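What you see is a predicted model; the values in this text were computed from it and never measured. All residue numbers in this chain count up from 1 along the given sequence.
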Amino acid sequence: MDIQNPSFRRNLKFLGGSVVGLAGLLAVWIVGGNYIASVQEKEIEQDLAAFAQRFPKTEPNDAALKLAASLAKVGFDGGASFSSVDRSIGSRADFKSSEDDRKAFEEIRQELKQYLDAEIAKPNDTVNPPSEKLQRYLASKQTALAELRQQVLNNEVPHWGTDISWILEPDMTARGPDYLWQVNFQQVLALDILEKYRKGQTEAAAEMLEVSWKINQPLTESPLFFPQIVALIVAKYPAGVMRKADRLPAQWQQRLLERDYRESILTSLQGEYLLQFKFLQDFLWKHSWSSILKDIGASSDRGMLSLIQGKYFSNLTFLTLE
C-alpha cells in the first residue's frame, strides 16, 4: 500500500482524529459520570439525614419491658429492636421463656396454623371447636394469658424502641431482632379469642382482641420494611376473628380504615433503599476491587451479588421468618 497516496493519508488523518475524539468523549463521559454519581450520592446522603431525623433513637418503654416479662410466662421471647436495652432482654431470666414452654408450642404450631386458617376462611360467624390437643395447650396458658391481658390493657402501647444507627454507620455484623414470636403469639391470641367467643365469653374475647391490636401497633409504625411485612401477616388474625364477633364497637371498623398501609410500606421501602445504599457504599470503601475480583473468581458460579450477600451480609438472618 502506497503511504504517499493522498487518499490513504486523508483516511489516516481522519482515523487519528477519530481516536483523539473518542478519547475525549470517553474522558468527558468518565468525568461527567463521576460528577453525576457524586451529585446523586449527596442527594441520597441528604435523604438519609432527613430519614434519621424523622426516626430518632428511642428505647423500649416500660410497657414493652413488662410485656416481655409476661410473654416469657406464656412461652415466648419478646423484643423487636436493635436497641441496647432490647439486646439485653435475652440475658434476663424474667424475660426468657422456659425450654418446656417453647417445646410445647412447637408441638402444636403446625396444627394451630391449620386450624386458624380454616376458621378465618369460613364466610360465616360459626366457630368449630379446636382439637383436644389445642384445647389442652390453651388451658395450660390461661393464667399467664389473663395476667398478660391485664398488663397490656392497663398500660400504654408497648414500643420496643427505634434504632437505625446501624444503617447510618453500617454494621455488617449486626444481627436483627427476631420477629417470628409476633406471628406465633398472635396465633395463640387468635385461638384464645375464638375459644372465648365460642363459649360466649364475649367481653373477655373483646379485651383479648384489644390486646392483640395493641401489641401489633409498634410493627406498623416501624421505619423498616421487614416489620411492616410481619405486621401485615399478623393483621390477618385479629381481622379474621373480628368476623366471628357479634356487635363489635364501631371503633374497630374505624381502626381498620384509618390505617394507611400504603404510606407505611412506602416509608419502609425508602428505609430499605437507604440501608442497601449504605451497606454497598461501606462495602466498596472497605474492600479493594482486587480483593473483590479475587473473591468473585473463587465463586464465579454465584456472581458478585451473591458474594456480597453471602460473605458480608450473612449475619442478617432476620430477613426470613423461618
Side-chain angles (χ1 to χ4, degrees), residues 67 70-80 97-146 148-149 152 177-202 204-220 226-246 248 252 255-256 261 317-322:
L67 175 58
S70 296
L71 283 167
K73 296 178 182 179
V74 182
F76 297 91
D77 299 330
S97 62
S98 70
E99 184 176 350
D100 289 342
D101 284 336
R102 293 193 296 272
K103 183 179 179 180
F105 176 77
E106 287 300 321
E107 290 176 352
I108 58 100
R109 179 178 177 179
Q110 185 174 0
E111 183 178 344
L112 173 59
K113 185 178 185 304
Q114 292 173 347
Y115 170 75
L116 292 176
D117 288 345
E119 291 302 309
I120 290 174
K122 287 162 55 177
N124 51 55
D125 60 358
T126 62
V127 179
N128 291 330
S131 67
E132 291 186 5
K133 184 177 181 180
L134 291 178
Q135 291 187 48
R136 286 195 301 271
Y137 173 84
L138 188 60
S140 70
K141 304 299 178 185
Q142 281 306 300
T143 300
L145 284 173
L148 182 144
R149 182 177 67 202
V152 173
D178 178 16
Y179 294 101
L180 182 57
W181 73 265
Q182 296 261 14
V183 179
N184 293 339
F185 182 62
Q186 287 286 355
Q187 290 176 349
V188 172
L189 290 182
L191 174 64
D192 186 60
I193 294 168
L194 288 176
E195 270 296 87
K196 284 179 168 54
Y197 276 129
R198 189 175 71 86
K199 296 177 179 179
Q201 302 171 9
T202 55
E207 288 181 349
M208 196 58 86
L209 188 59
E210 178 71 22
V211 169
S212 173
W213 186 266
K214 288 182 73 171
I215 291 177
N216 194 37
Q217 287 313 289
L219 289 177
T220 66
F226 193 64
Q228 291 292 332
I229 296 300
V230 175
L232 290 175
I233 294 173
V234 165
K236 79 172 186 178
Y237 295 111
V241 299
M242 282 181 199
R243 296 197 308 172
K244 310 295 182 180
D246 185 25
L248 271 178
W252 283 105
R255 282 178 171 181
L256 292 174
Y261 287 97
T317 55
F318 64 96
L319 294 179
T320 56
L321 275 173
E322 297 183 275

>> Would you say that Val241 contacts Glu119 through its side chain, given a criterion of any heavy-atom pair below 4.5 Å between the two side chains?
In response: no
> If you take all heavy atoms of Asn124 and Lys244, which pair is closest and at what distance?
Replying inline: O-NZ, 2.8 Å
> Below 4.5 Å, heavy atoms only, C-beta onward: do Leu145 and Met208 meet side chain to side chain?
Replying inline: yes
> Just how far is it from atom NZ of Lys113 to atom CZ of Arg109, taken to the nearest 0.5 Å?
Replying inline: 10.0 Å
> For the side chain of Tyr115 and the backbone of Asn128, is there at least one donor-acceptor N/O pair under 3.5 Å apart?
Replying inline: yes
> Given the rule in the side-chain contact (heavy atoms from CB on, under 4.5 Å) test, do Gln182 and Ile233 qualify, once you have shown the distances and angles that lead to the verdict?
Replying inline: CA-CA 10 Å; Gln182 296 261 14; Ile233 294 173; over 6 Å; no
>> Between Glu106 and Lys103, does any side-chain N to carboxylate O distance fall below 4.0 Å?
In response: no
>> Return the CD1 to CG distance between Ile108 and Asn184, rounded to the nearest 0.5 Å.
In response: 8.5 Å
> Ignoring hydrogens and geometry, is there a side-chain-to-backbone donor-acceptor pair from Gln217 to Trp213 under 3.5 Å?
Replying inline: yes
>> Quick one: does any side-chain atom of Lys196 pair with a main-chain N or O of Gln201 as donor and acceptor, under 3.5 Å?
In response: no
> Taking all non-hydrogen atoms of both residues, which atom of Pro130 and which atom of Gln135 are closest, and how far apart?
Replying inline: O-NE2, 2.8 Å
>> If you compare all heavy atoms of Leu138 against all heavy atoms of Glu195, which two are closest, and at what distance to 0.1 Å?
In response: CD2-CG, 3.7 Å
> If you round to the nearest 0.5 Å, how far is CG of Leu194 from NZ of Lys199?
Replying inline: 12.0 Å
> Does the pair Tyr197 and Asp125 meet the rule for a side-chain contact (heavy atoms from CB on, under 4.5 Å), with working shown?
Replying inline: CA-CA 10 Å; Tyr197 276 129; Asp125 60 358; over 6 Å; no
>> Using the rule given for side-chain contact (heavy atoms from CB on, under 4.5 Å), can you reason through Arg149 versus Leu189, listing the C-alpha separation, both sets of side-chain angles and the distance that settles it, and then say yes or no?
In response: CA-CA 10 Å; Arg149 182 177 67 202; Leu189 290 182; over 6 Å; no
>> Between Ile193 and Tyr237, is the side-chain contact (heavy atoms from CB on, under 4.5 Å) condition met? List the steps.
In response: CA-CA 10 Å; Ile193 294 168; Tyr237 295 111; over 6 Å; no
> Quick one: does Val188's side chain get under 4.5 Å of Phe105's, heavy atoms only?
Replying inline: yes
> Atom CG in Leu232, atom CG in Asn216: separation rounded to 0.5 Å?
Replying inline: 9.0 Å
> What are the two closest non-hydrogen atoms of Phe185 and Val74, and how far apart are they?
Replying inline: CE1-CG1, 4.0 Å
> Does Arg102 come within less than 4.0 Å of Glu99, counting only side-chain N to carboxylate O?
Replying inline: no
>> If you compare all heavy atoms of Trp181 against all heavy atoms of Phe76, which two are closest, and at what distance to 0.1 Å?
In response: O-CD2, 4.4 Å
> So, for Ser70 and Leu148, which heavy atoms are closest and what is the spacing to 0.1 Å?
Replying inline: CB-CD1, 3.8 Å
> Roughly how far apart are Leu134 CG and Leu191 CG, rounded to 0.5 Å?
Replying inline: 6.0 Å
> Among side-chain atoms of Asp100 and Ser98, is any donor-acceptor pair under 3.5 angstrom?
Replying inline: no
> So, Gln186 side chain and Ser212 main chain: donor-acceptor pair closer than 3.5 Å or not?
Replying inline: yes
>> So, taking the atom named CG in Leu116 and the one named CD in Gln187, what distance separates them when rounded to the nearest 0.5 Å?
In response: 6.0 Å
